[in-house]
Amino acid sequence: MSHPTDSLYARVAEEVAARADRLWDVALALHREPETAYEEHRAAHLLAGELEREGFRVERGAAGLPTAFVARTGTAASADEGPCVALLMEYDALPLLGHACGHNLIASAGLGAALAVRAALGEVDGTVLAVGAPAEERGGGKVVEVEAGLFDGVDAALMFHPGVRDWSWAPLTASAQVRVGFHGRAAHPTGSPTEGIDALGALIQLFNTLGVLHRRLPGGSHIQGIVTDGGRATNIVPEYAEGLFGLRGGTTSALEDLVEELRACAQGVAQATRTKVEVTDVGGRYEHFRDNDVLSGLFARHLDRAGIRLSEPEPGVYLGSSDMGNVSTRVPAIHPFVAIMGADGADHTPQFAEAAAGPRARQVMLAAAQALACTAADVLLRTDVPERAWASFRQKARAGL
């Protein structure tokens with residue numbers, strides 16, 4: 001027995017299929033001319049233009065970011081009137097590696113989903129937002145968009161990510177970049193050795209202290225650091241030394257605890273070495289990803305129609321961090337992974353960049369576009385879906401998940 005929405009899903013499939021070549025051309029255009037964080041001018045222009053041509057009302061430079069945009073369709077005057085779905089597009093590339101994270105596919109799938117929903121449903125009773133989100137790899141465009149209120153009133157924030165596993169949701173940690181600078185006193189190490197206060201020695205001691213700390217960190221938490229300033233000459237005791245540390249935590253609260261541990265270690269080292277220390281954040285923090293099982297379950301069922309079956313993530317395995325986490329802790333959200341190469345591969349590699357322009361990538365992108373569009377239609381047309389999605393969201397929030 002067919003369900004009333006089955007004919008709608010069929011229309012969505014037809015709309016995606018009708019645009020298949022065009023969507024793939026967009027993906028390949030982005031792939032050929034990769035642009036890094038906040039430099040994605042061609043990508044933003046291309047995507048916003050595609051949406052505008054099909055009747056979306058486009059705001060360029062959204063949230064004060066030149067390469068961000070928001071395209072809107074629907075009958076509601078604002079996101080607070082009726083159900084609201086945001087379909088997210090990422091399009092920044094990696095330095096030297098191009099689209100080795102497959103953001104060209106995220107962009108074209110989000111574009112395809114937005115166009116298919118509008119074509120299949122018409123001017124929907126609610127709102128569809130197609131959100132251009134720059135600088136996911138570094139810089140955190142979505143962090144800025146969240147703070148600007150761009151997702152206020154949104155009931156579902158939907159995107160997919162290409163990967164090497166077929167997972168229904170993304171185990172993504174919270175992350176922060178922290179700079180630690182030690183101030184000492186310069187001196188000649190032979191002529192006046194007792195006058196020097198070795199800032200580099202203090203920084204090295206911090207690395208040793210963190211090595212001890214690392215052994216007792218919980219799963220999903222770690223610290224990785226590099227020396228960014230270690231002095232100027234071997235015959236001068238360094239008066240300043242600086243390290244940059246990447247911190248991750250399984251949850252946002254775990255990350256906050258870890259940053260405070262780093263701060264305490266740095267202050268302890270400074271006291272022991274008679275240096276002065278400064279600990280400062282670099283850029284915005286990425287929060288952990290909170291999966292909405294109501295929405296991710298719908299997406300998985302829709303994707304199953306294309307012969308791609310998603311499973312739960314492998315316990316204890318984390319796949320990095322994303323500013324999508326900051327969206328997911330404000331509104332119900334999904335971030336499934338769909339494989340474009342085998343599990344023996346890895347993203348952020350030349351091989352993954354090559355795969356992002358291959359035949360399997362095209363198949364996955366189109367299947368994801370269709371599943372995203374069908375999930376968006378569920379949110380817009382089934383009143384129980386946003387209600388259940390928000391109930392699940394609030395339950396996880398109360399549990400600190």
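These numbers were taken from a predicted model, which means no experiment stands behind them.
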Which is it for Thr73 and Arg57 under the side chain to side chain donor-acceptor pair (under 3.5 Å) test, yes or no, and what are the steps along the way?
CA-CA 6 Å; Thr73 190; Arg57 304 180 294 279; 4.9 Å; no
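- Look at Arg330 and Glu287 and you find a salt bridge, because one of the NZ, NE, NH1 or NH2 atoms lies within 4.0 Å of a carboxylate O, short of that distance.
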Go through the steps for His288 and Thr251 under the test side chain to side chain donor-acceptor pair (under 3.5 Å), then give the verdict.
CA-CA 5 Å; His288 74 278; Thr251 64; 5.3 Å; no
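- Asn292 places none of its side-chain heavy atoms less than 4.5 Å from the side chain of Ser328.
- Below 30°, between 30° and 60°, or above 60°: for Phe69 and Tyr91 the angle between ring planes is below 30°, a parallel geometry.
- Side chain of Tyr38 to backbone of Gly139: a donor-acceptor contact under 3.5 angstrom is found.
- Under the 4.5 Å side-chain criterion, counting only non-hydrogen atoms from C-beta, Glu242 is not in contact with Leu203.
- A salt bridge between Glu260 and Arg263 is present, with a side-chain N of the basic residue lying under 4.0 Å from a carboxylate O of the acidic one.
- When side chains are defined from C-beta on, Trp24 does not count as touching Ser108, because their heavy atoms never get closer than 4.5 Å.
- Here the CZ atom belonging to Arg301 is positioned 8.5 Å from the CG atom belonging to Asp378, to the nearest 0.5 angstrom.
- The two residues Ala367 and Ile308 make their nearest non-hydrogen contact at CB-CD1, 4.0 Å.
- Tested against Asp323 for a salt bridge (charged side-chain N to carboxylate O under 4.0 Å, His left out), the candidates Arg285, Arg138, Lys142 yield a single pass: Lys142.
- The number of heavy-atom neighbours closer than 6.0 Å to CZ of Arg305, taken from other residues, nucleotides and ligands shown, is above 12.
- Taking a cutoff of 4.0 Å between a charged side-chain nitrogen and a carboxylate oxygen, Glu14 and Arg19 do not qualify as a salt bridge.
- The number of heavy-atom neighbours closer than 6.0 Å to NE2 of His45, taken from other residues, nucleotides and ligands shown, is 12 or below.
- Relative orientation of the His99 and His103 rings is tilted, given thresholds of 30° and 60° on the angle between their planes.
- Remark: side-chain polar atoms of Asn104 are paired, donor with acceptor, to backbone N or O of Ala356 under 3.5 angstrom.
- By the 6.0 Å contact criterion, CD on Glu59 is enclosed, its count of non-hydrogen atoms from other residues, nucleotides or ligands being greater than 12.
- With respect to the salt-bridge test (charged N to carboxylate O, under 4.0 angstrom), the residues Arg22 and Glu54 qualify.
- Annotation for Gln271: atom CD does not count as buried by contact number, only 12 or fewer foreign heavy atoms lying within 6.0 Å.
- Using modelled atom types, one side-chain atom of His31 and one backbone atom of Ala353 make a donor-acceptor pair closer than 3.5 Å.
- When side chains are defined from C-beta on, Val85 does not count as touching Asp155, because their heavy atoms never get closer than 4.5 Å.
- Salt bridge Asp229/Arg179: absent, no basic N to carboxylate O contact under 4.0 Å.
- Counting heavy atoms from C-beta on, the side chains of Leu213 and Glu261 come closer than 4.5 Å.
- For His161 and Phe337, the ring centers sit closer than 6.0 Å to each other.
- Taking the six-membered ring for Trp, Phe245 and Phe207 have ring centres closer than 6.0 Å.
- Residue Lys396 qualifies as enclosed at atom NZ: its count of foreign heavy atoms under 6.0 Å is above 12.
- Not less than 6.0 angstrom separates the ring centroid of His335 from the ring centroid of Phe160.
- Residue-environment remark: CD1 (Ile226) exceeds the threshold of 12 foreign heavy atoms within 6.0 Å.
- In this structure the side chain of Leu150 never reaches within 4.5 angstrom of the side chain of Val146, judged on heavy atoms.
- Taking all atoms of both residues into account, the shortest heavy-atom contact from Ala254 to Ser221 is CB-OG, 4.3 Å.
- Ion pairing between a basic and an acidic side chain is recognised when a charged N comes within 4.0 Å of a carboxylate O; Arg185 and Glu239 show no such pairing.
- Checking Glu312 against Trp169 by side-chain atom types alone, a donor-acceptor pair falls below 3.5 Å.
- Ala114 and Phe56 get closest at one heavy-atom pair: O-CZ, 3.4 Å.
- No side-chain donor-acceptor contact under 3.5 Å links Ser392 to the backbone of Ala389.
- With contacts defined as side-chain heavy-atom distances shorter than 4.5 Å, the pair Ile334/Leu372 qualifies.
- Atom CG of Leu200 and atom CD1 of Ile236 lie 13.0 Å apart (nearest 0.5 Å).
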